[in-house]
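Report on the following structure.
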Amino acid sequence: MSKSLKDVIPVGHIYIKDNILEKDSLAGVSESKALWAKDLNLPKKAEYTFFAACGYQHMKYVEGMMGALKSASKMGMGMGKVVGISKAFGKVGVDLTGITAKITASKDDPYTPVLISAISVLRKLGLDVGYLHEEEPCCGSPMYYAGFEDDYAEHSRKNYEIFESFGVKKLIGLVPACTASLRDYYPKYIEGYDLEVQHVLEVVVQKLKKTGVKPKVKENVKVTYHDPCQLSRYLELTDEPREILKSIEGIELADLDPEQCGKWSTCCGGGGLEATHPELAERVGVRRVEELLETGASVIVSNCPACEMQLTKVTKKLNANVKVIDLVRLLDESLE
Amino acid sequence: MSNSELAELAKEITDNVQRCWKCRMCVEMCPTYEGWFTQSTAGRLMAINLYIKHGLGSEEDLSNMLYSCTTCRRCQERCRILSTDCSPADTILKARQYLVRKAELKGERNHEQIP
């Protein structure tokens, strides 16, 4: 008896792959991605194109879905069964994922404001940014990490054509995983890939130095920084976020010891692991948050939607008196 | 994807595993390590090697080990600094690709058999 894909690959990953290929979105929600940008008057053509990515745009749905899945698995339903049921509903025309996602989506969603902050920071620093709105594709990196290399390669070539058709030359990414995917993996599958991909933090550090702007927070606060794996070891940006934090007046940075931060930072267990091993992910998260709490900081700063989701969830579970906030949001508040 | 391409991928993976010095520094530092060797980088690499080279262990168990990796690359950073050239995180990713390709190849063949 030979085994099919379903027996060997975790259903969660197959489900995410199908979502990306069919609906061009990680969460599989057909609702518009670009709602957050409707009041911002972002042009489609500009010197820099902002790549918002599924992470922040759909994280509120993912968060709700993960919670629903976890409670389903506690009731004795495996991930496979849950996905199976939602597929069966899909066949008769009921978008169960969409409905559960909308019901379970958190009302005070902390993720989309990060996107607005990112645009506002870039504008405050005098950059000309555009955004592809509905036309922005999903970069497809979850497929790469799940092992679906062929699907990812095909998806990347399709995306490159989309970027070319809009005359995109310079991309600014916000989600670390997507930025790494666009910068490091796309060139492997596309001949003559010529997009210049930068992460928001790189651009911000350069501009802060050039313009000499001094950001300032209203209240003095002690923060610690959690390095997202994708940012510190894939994109290799460990000094930039710390430079930004140190440049903000009123912020005291309490860093972990060098074995636990920067390029040695421990993973928080967010992201792909949650889709296949939710309990292990939670234990990994608890270990990381305990490390972070030892610094005595009252705010955990990070810069990745998956990390923020995981850290928020775990700090709530541990009843810890800390806030999790995105670096871009903090910077936006401190820039006049 | 043909059999020979799959064999090529398998060789690339096992070659990478061979480069491991077995210093076991990656065991304690793996964020998912909780006492079981197979929940650490070195354990995963060993399982990959045993499965691909000698056909030991089941695909389900290997899949469980591979997909419990967070691909955070903490181990890879250690390898890079020790200049081992083993790239464990990338090897685990390649092994995932191997599982997918193998299953897809089997699926194609099953499909062909049905007239």
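Within every chain, numbering begins at 1; the chains are lettered A, B, ... in the order of the sequence lines, protein sequences first and strands thereafter. Atoms considered below: every heavy atom in the structure, side chains included; atoms not considered: hydrogens, waters and symmetry mates.
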Flag if over 12 foreign heavy atoms under 6.0 Å of NZ, B:K22
yes
Just wondering, do B:S68 and A:L280 contact through their side chains at under 4.5 Å, heavy atoms?
yes
Counting heavy-atom pairs under 4.5 Å to chain B, which of A:R283, A:E259, A:K6, A:Q230 comes out on top?
A:R283
If I measure from the heavy atoms of chain A, does B:Y33 come under 4.5 Å with its side chain, its backbone, both, or neither?
backbone
I want to check something: taking the side chain as every heavy atom from C-beta on, are A:K263 and B:I81 in contact at a cut-off of under 4.5 Å?
yes
Does any N or O in the side chain of B:R74 come within less than 3.5 Å of the main-chain N or O of A:C267, such that one atom is a donor and the other an acceptor?
no
Is a side-chain N or O of B:Y67 found less than 3.5 angstrom from the main chain of A:H13, in a donor-acceptor match?
no
Best-contacting candidate, B:R80, B:Q39, B:R78, against chain A by heavy atom pairs under 4.5 angstrom
B:R78
Let me see the working for A:Y234 and B:T71 under side-chain contact (heavy atoms from CB on, under 4.5 Å), right down to the final yes or no.
CA-CA 10 Å; A:Y234 285 71; B:T71 63; 3.8 Å; yes
Ionic contact status for B:K94 with A:E149, cut-off 4.0 Å:
no
Hey, does the side chain of B:S63 reach the backbone of A:V8 with a donor-acceptor pair shorter than 3.5 angstrom?
yes
Minimum-distance pair of heavy atoms, taken over all atoms of A:V284 and B:P31:
CG2-O, 3.5 Å
Is the backbone of B:E77 close enough, under 3.5 Å, to the side chain of A:R233 for a donor and an acceptor to pair up by distance?
no
Please flag which part of A:S265 lies under 4.5 Å from any non-hydrogen atom of chain B: side chain, backbone, both or neither.
backbone
So CG of A:L273 and SG of B:C72: to nearest 0.5 Å the spacing works out to 10.0 Å
Output the option from B:Q76, B:M29, B:Q97, B:R96 having the highest count of non-hydrogen pairs under 4.5 Å with chain A.
B:Q97
Taking all atoms of both residues into account, what is the closest heavy-atom pair of A:F148 and B:V100, and its distance?
CD2-CG1, 3.6 Å
Applying salt bridge (charged side-chain N to carboxylate O under 4.0 Å, His left out), run through B:R73 and A:E236 and close with a yes or a no.
CA-CA 11 Å; B:R73 272 200 190 174; A:E236 296 177 346; over 6 Å; no
side-chain contact (heavy atoms from CB on, under 4.5 Å) between A:L5 and B:E104, worked out:
CA-CA 6 Å; A:L5 202 65; B:E104 277 175 351; 4.1 Å; yes
